[in-house]
Amino acid sequence: MANRWKNDLTRADATPYEAFLNRRQIMAGLGGAIGLGLSGVGSAAAASETAELEPNTWEEVTTYCNFYEFGTGKGDPAAYAGQMTTSPWSVEIDGLVDRPGSYSMEQILEAMTLEERIYRFRCVEAWSMVIPWQGFELADLLDLAGVQSEAKYVAFETLYRPSEMPGTAYRVLDWPYREGLRLDEARHPLTIMATGIFDKPLPNQNGAPLRLVVPWKYGFKSIKSVVRITLTDQEPHASWNVANPREYGFYSNVNPNVSHPRWSQASERRIGGGLFARRQPTTMFNGYADEVASLYEGMDLAKFF
Ligand SMILES: Nc1nc2c(c(=O)[nH]1)N[C@H]1C(S)=C(S)[C@@H](COP(=O)(O)O)O[C@H]1N2
Ligand SMILES: [Mo]
C-alpha cells in the first residue's frame, strides 16, 4: 500500500456520462437499503447521506483494487485474480469455539441470510469509494460456531496458494495475509462478511468468495478470501501491523486527527470523482461514529491507532 502511494494518482479519470446515468439507476434501485436503520438520521442528514452514499461504478470497484497476493499495482488483482480457484471453498473456524471445524461455503450460505449494505470504504492511502455489498453479519457466523466466554479477539487468514497467486512470490508481507478484530468489534452489527457486490457474486479481485468488511476501519482490515477464523484470547497477528507497527496500528480506525507518519488522513480522494474534484474531508470512524464510538470509550485513540 504505502509503496504504491503514487500509483493511485493514475486513475483520477472523469466519470463518463453513461456511467453516471447507470449509477443514478443503481441508486434508485438501492434507495431502500440506505441508512439500514442503524443511524437513525433526520431527513436533512438523510438527504446529504444519500448524496454521499452514491455508489461507485462496478468498473471502479472491480478494477481499482488492493489484493497484494496478485501484485501491488491497483490493476493487478483484476488482471491476475481470475486464476484463483474459489470453488470448492471452506472456512476453518477454530480456537475458542464450541463447534470447531471446516465449514463449507454451501453450509455457511445455507445458514446465513444475505442482505444489502451500502458502506463508505476508506483506504489508509487516503482514497475512498462507496460500495454496495451483499453479505451477512459476522456475528451470525460466529454464533454458528459458538464463541466461548474466554474469547476476546477474532483472527482471520486469507488463502495462501502461491501457484495461483503471483504476488506471493514477493515478500511484501509475511503471507498468508492476516488480520484481527477485538470480539466486540467483530460482533458489531456493522461488521459483515461480504459475498457479493452490486447484487453479483464477489469478483475474485474483491475477495471472493467471502471477505470481511469493517466500514469504520481503514480498508486493509477488511481481509479478502478468508479461509480461517480463529477465536482467541490474545491480540492476533495482523499483517500490516506486524510489517510496520509505527504506520499501521492494530485498531486502524479511520481518524482524520491521527496522521499516517508519511501523509495526512484529514481528507480523502473519492475514486471516480474526476480530475478536478475537491478532496473531501475524512470523518471520524469514516462517518460511523454514532454507531461505533462507544466501543472505544476511555481509550486514547492516538495511542491505540
Ligand atoms: N488478503 C488481502 N486482503 C486485503 C488486501 C490484500 O492485499 N490482501 N488489501 C486490503 C486493502 S489495503 C484494501 S484498501 C482493501 C481493498 O478492497 P477492494 O479492492 O475490494 O476495494 O482490501 C484489503 N484486504
Ligand atoms: Mo487499503
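Atoms within a ligand are numbered from 1 in the order they appear, just like the ligands themselves.
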Would you please classify the geometry between the Y64 ring and the W127 ring as parallel, tilted or perpendicular, with 30° and 60° separating the classes? perpendicular

Between H260 and W263, how do the two ring planes meet: parallel, tilted or perpendicular, split at 30° and 60°? parallel

Under 4.0 Å from a heavy atom of [X]: which atoms of ligand 1 are those, numbered in the order shown and with their elements?
X: C123; result: 14 (S)
X: E69; result: 1 (N), 2 (C), 6 (C), 7 (O), 8 (N)
X: C65; result: 19 (O)
X: F67; result: 1 (N), 2 (C), 6 (C), 7 (O), 8 (N)
X: S222; result: 22 (O), 23 (C), 24 (N)

Verify the ring-centre separation between Y248 and W240: is it less than 6.0 angstrom? yes

Look only at interatomic distance and state if [X] has a nitrogen or oxygen under 3.5 Å from any nitrogen or oxygen of ligand 1.
X: W133; answer: no
X: Y64; answer: no
X: T158; answer: yes

Within the structure, is a non-hydrogen atom of M129 found at a distance of less than 4.0 Å from ligand 1? no

Within-shell test, F121 vs ligand 1, heavy atom, strictly < 4.0 Å: yes

Evaluate ring pair (Phe, Tyr, Trp, His ring centres under 6.0 Å) for Y296 paired with F304, printing each intermediate quantity in order. CA-CA 9 Å; Y296 309 102; F304 296 97; 9.9 Å; no

Side-chain donor or acceptor of N286 paired with backbone N/O of P215 under 3.5 Å: yes

Donor-acceptor under 3.5 Å (K221 side chain, L212 main chain): no

Flag side-chain contact, heavy atom, 4.5 Å: E164 against T85: yes

Would you say Y251 and L183 are hydrophobically clustered, going by side-chain heavy atoms of ILVMFWY under 4.5 Å? yes

Side chain or backbone of Y177 under 4.0 Å from ligand 1, or both, or neither, by non-hydrogen atoms? side chain

